Amino acid sequence: MFFFYFLAALLLPVRLRRLVERTNMSPKWRQPLLYMTLGIVGLFILTQKALDDYEIINAVIGILALSGVVLYLQLQPEFVKFQFYFNSHYPLITVGLVSSVIDWLAPAFYEKWDYIFVCGELMAFSWIFIRWAANKKQREELQVANLRNAELDRLVELRTAELTQQKAELEKTIDLLKATQAQLIQQEKLASLGELTAGIAHEIQNPLNFVNNFSEVSIELMDEMAEELAKGDTEEVMAIAGDIKQNLEKIIHHGKRADGIVKGMLQHSRASSDTKEPTDINKLADEYFRLAYHGLRAKDKSFNAELVTSYTDGLPAITLVPQDVGRVLLNMFTNAFYAVHQKQKKLGVDFKPVVSVTTSALNKAIEIRVKDNGTGIPDDIRDKILQPFFTTKPTGEGTGLGLSISYDIITKAHGGKIDINSTEGEGSEFIITLPTA
Amino acid sequence: MKILVVDDEADVQPLFLQRFRKEIKEHQVEFDFALSGEEALEYLEEKHSEVVLILSDINMPGMSGIELLSRIRKDFDAPPPPVVMMITAYGDDENHRQAIEHGANDFLTKPLDFSLLKEKLKTILT
């Protein structure tokens, strides 16, 4: 009954092949299992033709072929789940071996009890089918699980690709936002430079007038000096020479003054220079106070305000970025002037606009208060005034970035704070506190 | 003739003194200075009868030139009223109109044209 061994050896790769067909093992095992099947069929036909009369040898070849297939597949790590199935072949192999040995050693005995051996072989052969059927459910589950795994793998891959793409898009958006933010900050700087220009022009005009006037008057004095020399009045000549020297000193002084203003203007417009340096806060505040006032005055000639300054002498120098804190101050002053100007437009000549700046020393800090008696900040917008792009000015007049950038400069770059006191209709006070150490 | 010059820039003082060197030497004119509108009013409190001409900057911190002008016209206008000339860096119509409206006799722009100013002084002197 060697036929059973070949049949079992044949069925094993055929079934396995069907099992792996729709799993990720398929590409690797489809071909080998097919060859195995064909090999068994070939071996069977070969033995059948060549060794038709030697049933024992045929049986042994069949058993060896079966054992070989079982052992080979059992050793593959991928098929570890099918151990039950491989193991179900051992009874057939054992029965086959035993009956072959008996047939060989005691043919008579074998002939006599022939049906028992055939029975045993049939039972062992059936056992394979019983085990196979019993595990059908398990196999199906495995198949489903495999399918699901494959589907999950696919989904994960899909999702990963989606996320990677989203991440790339978000990174691009962030880069774009950063670039836009830098641009906006630069734009705000230019806007405040625009506010400054008129003030700066006025500030430069004064020293320039002095330079021109003192030069002209010195020329006149030189002529006079020549006259006095001709007369021989040495005393008068000395006096005139003294005056000329004094004038030249004035020319230098006012030339330097104009120079300083131009330098300050360049510093203000510079894209990014964040070198901190010890700064006299009174000087800085006063410079920008005047610039802000003249800036507004140049735009609207009807505007006038009382400027009250109260600087505490002997304040320690603070290490800060002068043009940045200058921008903050300029922003505070411009806002204050704007607020009083709005109120003046509403109330007319009876209203006396007052804007004041006060500096004072606190414990380890310096305080700058900018106060006005203008329109004040309505309660419903108080939370919003520090937000970027929030402005109460008509479109085109304000960027809405002044206070928000000021807030960043003071809190983030200088470790200070900005407090706001305001009553609608009464006025506002902005208090900048900067740490000295 | 006594002239009061009101300007917050201190260097205006040596400038006037030198520009009018000859006139001062010949005792045609005499200058006094104030650095603010407030200071000018204090000065006028005592000497308004002596001052013939007041030259005032419009744009000054604190009291503006226009405000000073109206105070002068209100408090120190006893005959003969002082001649008041306003000076400003912002030579625009609005400033001009305001100055004249508040009783200024003349309006000058910075940078000051001293020869023009001298011409104007001559007409006042005669």
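Chain letters run A, B, ... following the sequence lines, proteins first, then strands; residues in each count from 1. Note: hydrogens, waters and symmetry copies are ignored here, and every other heavy atom, side chains too, is used. Computed from a prediction, not measured in an experiment: that's the story for all the values here.
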Please evaluate residues A/Glu306 and B/Met63 with respect to the criterion side-chain contact (heavy atoms from CB on, under 4.5 Å), reporting the C-alpha separation (whole Å), side-chain torsions for both, the decisive distance (0.1 Å), and the verdict. CA-CA 7 Å; A/Glu306 188 181 345; B/Met63 186 186 289; over 6 Å; no
So the ring pair (Phe, Tyr, Trp, His ring centres under 6.0 Å) pairs with at least one residue in residues 223-242 of chain A (sequence neighbours excluded) are none
TODO: List the steps, then state whether side-chain contact (heavy atoms from CB on, under 4.5 Å) holds for A/Glu220 with B/Gln18.
DONE: CA-CA 9 Å; A/Glu220 282 173 19; B/Gln18 289 182 20; over 6 Å; no
Within a reach of under 6.0 Å around [atom1] of [X], are more than 12 heavy atoms found that belong to other residues, nucleotides or ligands?
{"X": "B/Glu26", "atom1": "CD", "value": "yes"}
{"X": "A/Lys343", "atom1": "NZ", "value": "yes"}
{"X": "A/Lys256", "atom1": "NZ", "value": "no"}

Okay, A/Leu221 and chain B: the region with an atom under 4.5 Å from a heavy atom over there is side chain
query = Tell me, side chain or backbone of A/Phe214 under 4.5 Å from chain B's heavy atoms, or both, or neither?
reply =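 It is both, since atoms from each part get that close.
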Those residues of residues 2-14 of chain B that come under 4.5 Å of chain A on a heavy-atom basis, listed by number, are B/Glu9, B/Asp11, B/Val12, B/Pro14
Tell me every residue that passes salt bridge (Lys or Arg N to Asp or Glu O under 4.0 Å) with B/Asp75, counting only those two or more places apart in sequence or in another chain.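 Listed in chain order: B/Arg71.
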Write out, in numerical order, the residues from residues 222-231 of chain A with a heavy atom short of 4.5 Å from a heavy atom in chain B.
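Within residues 222-231 of chain A, near chain B: A/Glu224, A/Glu228.
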(message) Quick check for you: to the nearest 0.5 Å, what is the distance between B/Lys110 atom NZ and A/Asn213 atom CG?
(response)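 Here the interatomic distance stands at 10.0 Å.
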The interface call for B/Leu112 against chain A, heavy-atom contacts under 4.5 Å, is backbone
